[in-house]
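Remarks on the structure that follows.
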Amino acid sequence: MSKKTIWGFAALIILLIAAGGFIFWQLSTVQQLKEQLAQDAKLLQGDGTPKVQHVVSKADIPPPAEPGFKWVRHGDHWDKVPVSTPPAPVGTQPSEGEYGVTRQGTRYLKNPAWADRAEAHAIPTGPPLEIDWHTWANLNTRFPLDWHDPKTWEAYRNFWGFDRPRVNPDGTMPYVPVLDNWGTPLQNFRNVSLVVKYSKRIGFRPTPEQFVKHQALVARYEDAQAFGDTATAESLRSQIAALEASAQGELPDPNSYFSAGYGDPTPNLMTMSDEELRQINKEREAVGIRNLYKRLGIEHLYQYYEKP
């Protein structure tokens, strides 16, 4: 046998070994991925809390960044959304403050602007006043109130849950009391949009803990689908459906919002394009809607239902 023939056989054997090793490596990798998905499903069937990091799929990675835009994930795809800088509001809605308690046990938010008003700090005596604050709240109906009487302050606090506003040195009001269409007493802050009318619906209303569990299940369901693991995907989908059915409650209807606001006029209003004006109004309304979710105790669901 010639040397060329021997070298040829040797090269063929080396190629066969390399090809076999590559095929074996590919099969091992696929098997490992299937085992990982099966293990994830077992871990989630317990308390549902993710204990391992899920396999990253292509849908988890946003496209390359572009100046002036951001990528927002909607299900299994990414949408390009323009980035805008909303104007800073002149007034903001305070989230914390000092609270007091009336003789009747009502907790109310104090207004520090009344530090120099003796009636605002005096303890009332005698029977409480009965005032029709629903009628008083109507902008078309006003009747005289004796604010020198501490019982008037007491009655106001019992109904509204916060102190009356005080006129600023420049003649403006920091907020005005309003009732929404459900009779909820609210502070309408200057230059801050407020949802004063909305409808309700029944839907998925999880607690923050339930929502974290739900999102983890959805992420693993999408991974199982991406890898063609039908059995795991079906199991996860059943868990998601069961969780959603067990966490139903009242939600605001996104198609029913009516917002109100007052304050300073929009700067450069006459020189703005229709698109710029629509964008400003959209940003203002978003503030009001987010505050609505906050006062309903479901701020963690704002991004889930109010997608940009």
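Counting from 1, the numbers follow the sequence of the chain as shown. All values derive from a computational prediction rather than experimental measurement. Quick note: numbers below take in every heavy atom, side chains included, and nothing from hydrogens, waters or symmetry partners.
- Counted within 6.0 Å of CD1 on I123, heavy atoms from surrounding residues, nucleotides or ligands total 12 or fewer; the atom is thus considered open.
- If you check the side chains of E275 and Q279, you find no donor sitting under 3.5 Å from an acceptor.
- Rounded to the nearest 0.5 angstrom, E130 CD and K151 NZ are separated by 11.0 Å.
- L186 approaches V195 most closely through the heavy-atom pair CD1-O, 4.2 Å.
- For the pair R295/L194, a side-chain contact is recorded, criterion being any heavy-atom separation below 4.5 Å from C-beta on.
- In this structure, L236 and A224 approach most closely via the heavy-atom pair CD1-CB, 4.4 Å.
- Side-chain atoms of R157 never come within 3.5 Å of backbone atoms of Y108 as a donor-acceptor pair (strictly under, hydrogens ignored).
- Residues P165 and W114 share a closest heavy-atom pair of O-CZ2, 3.2 Å.
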Before giving the answer on side-chain contact (heavy atoms from CB on, under 4.5 Å), spell out for L129 and D149 the whole-Å C-alpha distance, their side-chain angles and the decisive distance to 0.1 Å.
CA-CA 10 Å; L129 297 180; D149 186 349; 4.2 Å; yes
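- Between K282 and E285, no side-chain nitrogen of the basic residue sits less than 4.0 Å from a carboxylate oxygen of the acidic one, so the salt-bridge criterion is not met.
- Rounding to the nearest 0.5 angstrom, the gap separating the CG atom in L292 from the OH atom in Y257 is 5.5 Å.
- A side-chain donor-acceptor contact under 3.5 Å links D180 to the backbone of G183.
- Under a 3.5 Å cut-off, the side chain of W147 and the backbone N or O of E119 do not form any donor-acceptor pair.
- Under a hydrophobic-cluster definition in which Ile, Leu, Val, Met, Phe, Trp and Tyr are linked whenever side-chain heavy atoms come within less than 4.5 Å, directly or via other members, L296 and V192 are assigned to different clusters.
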M173 and N168: CA distance, side-chain angles, deciding distance, side-chain contact (heavy atoms from CB on, under 4.5 Å) verdict
CA-CA 6 Å; M173 295 287 283; N168 293 322; 5.9 Å; no
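- The closest side-chain heavy-atom distance from L179 to P185 is below 4.5 Å.
- At least one donor-acceptor pair closer than 3.5 Å links the side chain of S238 to the backbone N or O of E234.
- A salt bridge is defined here as a Lys NZ or Arg NE, NH1 or NH2 lying under 4.0 Å from an Asp or Glu carboxylate O, and R117 with D163 fails to meet this definition.
- The structure places CG of N111 at 8.5 Å from CZ of R166, a figure rounded to the nearest 0.5 Å.
- In this structure, W133 has its ring center under 6.0 Å from that of Y156.
- Few gaps surround NZ on K200; more than 12 heavy atoms of other groups in view lie less than 6.0 Å from it.
- Partners of Q225 by side-chain contact (heavy atoms from CB on, under 4.5 Å), not counting sequence neighbours, listed by chain and number: Y221, A233.
- Using cut-offs of 30° and 60° for the angle between ring planes, the Y175 and F189 rings count as tilted.
- The shortest heavy-atom contact between A247 and Q210 is CB-OE1, 3.7 Å.
- Surrounding CZ of F258 are at most 12 heavy atoms belonging to other residues, nucleotides or ligands under 6.0 Å away.
- Judged by distance alone, the side chain of R201 and the main-chain N or O of D253 form no donor-acceptor pair under 3.5 Å.
- Taking CZ of R164 as the start and CH2 of W153 as the end, the distance is 5.0 Å to the nearest 0.5 Å.
- Under the 4.5 Å side-chain heavy-atom criterion for Ile, Leu, Val, Met, Phe, Trp and Tyr, L217 and L301 are members of distinct hydrophobic clusters.
- Hydrophobic clustering (side-chain heavy atoms under 4.5 Å, transitive across Ile, Leu, Val, Met, Phe, Trp, Tyr) groups W160 together with L145.
- Atoms CG and OG, on N281 and S193 in that order, are 9.0 Å from each other to the nearest 0.5 Å.
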Decide side-chain contact (heavy atoms from CB on, under 4.5 Å) for H134 and F159; before the verdict, give the C-alpha distance in whole Å, the side-chain angles of both, and the deciding distance to 0.1 Å.
CA-CA 9 Å; H134 285 89; F159 181 84; 3.3 Å; yes
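- Once rounded to the nearest 0.5 Å, the distance linking NE2 of H300 with CZ of R205 reads 8.0 Å.
- The two residues I298 and P252 have their closest heavy-atom pair at CD1-CD, 3.9 Å.
- Residue V218 is not grouped with residue F211 when hydrophobic side chains (ILVMFWY) are merged at heavy-atom distances under 4.5 angstrom, including chains of intermediate members.
- Enclosure of atom CD in Q104 by more than 12 non-hydrogen atoms of other residues, nucleotides or ligands within 6.0 angstrom is indicated.
- Looking at residues two or more places apart in sequence or on another chain, you find no salt bridge (Lys or Arg N to Asp or Glu O under 4.0 Å) involving D146.
- Closest of all the heavy-atom pairs between P124 and E154 is CG-OE2, 3.6 Å.
- Using a 4.5 Å heavy-atom cutoff, the side chains of Y99 and K110 are not in contact.
- The backbone N or O of N181 lies less than 3.5 Å from no partner atom in the side chain of Y198, so there is not a single donor-acceptor pair.
- Listed by chain and number, the residues in a ring pair (Phe, Tyr, Trp, His ring centres under 6.0 Å) with Y293 are Y302 (sequence neighbours excluded).
- Looking at heavy atoms from C-beta onward, I202 lies in side-chain contact with E250 at the 4.5 angstrom threshold.
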